[in-house]
Amino acid sequence: AASDVYKRQEKAQQTLDVLYQNYAAPNTCLLRENYPFNQDNKATYLASEEQAKRRNEYSYLWPYSGTFSAVNALLESTGKKKYRKLLENKVLSGLEEYFDTRRKPFAYSSYISSQPLSDRFYDDNVWLGIDFTDSYRMTGKQAYLEKAKLIWKFILSGKDDVLGGGIYLSLIHISEPTRLQLI
């Protein structure tokens, strides 16, 4: 029923509000990794021990990127301009802080690019590519399609034929690289 859809949209909006209320990094479009904020907190999902030991003011790409998917879902389900504005003025502005142009092909790094180089994960980037494709589909904005294509170029840079074709994923605590089979 329409009232159930409206209730779910309201809950989603409330969740987004609480997220920004508790995790927003002051004077930025970025988010914190934890609440309450503790810069000594160590992320346990990073491939590099060196990276995990760093003090970090902001969240890593993976948790940040969830806002992209969430705002896309709200934009798609409501069609409200406020979600397109949130996407363009906050979510994507913050996301660009992770965009790495120091290595080619360009892609999104696991931490903001103004800091020392951090890992670039194919799986994190492919989710961003899906979100950019969804944004393009909803808005027709060519820049979103170009970002999706750019990300796909990065994804394909990880392809090889060692086990019959695949893309390496960077996963923690796995001695052998794990592969996605290409279809």
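This chain uses plain numbering: 1 for the first residue, then up along the sequence.
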So which atom in Thr28 and which in Tyr58 form the shortest heavy-atom distance, rounded to 0.1 Å?
CG2-OH, 3.9 Å
Kindly give the heavy-atom pair with the smallest separation between Trp127 and Asp123, and that separation in Å.
CD1-O, 3.0 Å
Over 60° means perpendicular and under 30° means parallel, so classify the ring planes of Phe132 and Tyr144, tilted if in between.
tilted
Considering all heavy atoms of both residues, which atom of Ser93 and which atom of Cys29 are nearest to each other, and what is their separation?
CB-SG, 3.8 Å
Shortest non-hydrogen separation from Lys80 to Leu75 and the atoms involved:
O-CD1, 3.4 Å
Please list all pairs passing the side chain to side chain donor-acceptor pair (under 3.5 Å) test where one or both residues lie in residues 15-26, with sequence neighbours left out.
Gln13-Asp17
Do Phe154 and Tyr122 have ring centres separated by under 6.0 Å?
yes
Please examine the side chains of Arg8 and Asp4, heavy atoms only from C-beta on, and report whether any two atoms are closer than 4.5 Å.
yes
Taking the inter-plane angle between the rings of Tyr111 and Tyr98 on a 0 to 90° scale, is it parallel (under 30°), tilted (30 to 60°) or perpendicular (over 60°)?
perpendicular
Do you know the tightest heavy-atom contact between Ser59 and Arg32?
CB-O, 3.5 Å
Less than 4.5 Å apart, any side-chain heavy atom of Glu96 and any of Tyr108?
yes
Is there a donor-acceptor pair under 3.5 Å between the side chain of Gln9 and the backbone N or O of Ser77?
yes
So Asp100 and Leu117, do their side chains get closer than 4.5 Å, heavy atoms only?
yes
Do the side chains of Asp124 and Leu128 get nearer than 4.5 Å, heavy atoms only?
no
Output, in order, the C-alpha distance, side-chain angles, deciding distance and verdict of side-chain hydrogen bond (donor to acceptor under 3.5 Å, both in side chains) for Asp131 and Ser69.
CA-CA 6 Å; Asp131 281 327; Ser69 300; 2.7 Å; yes
Determine the minimum heavy-atom distance between Leu74 and Ala12, stating which atoms define it.
CD2-CB, 3.7 Å
Is the backbone of Ser113 close enough, under 3.5 Å, to the side chain of Arg102 for a donor and an acceptor to pair up by distance?
yes
Do Val18 and Phe68 belong to the same hydrophobic cluster, where Ile, Leu, Val, Met, Phe, Trp and Tyr are linked whenever their side-chain heavy atoms lie under 4.5 Å apart, directly or via other members?
no
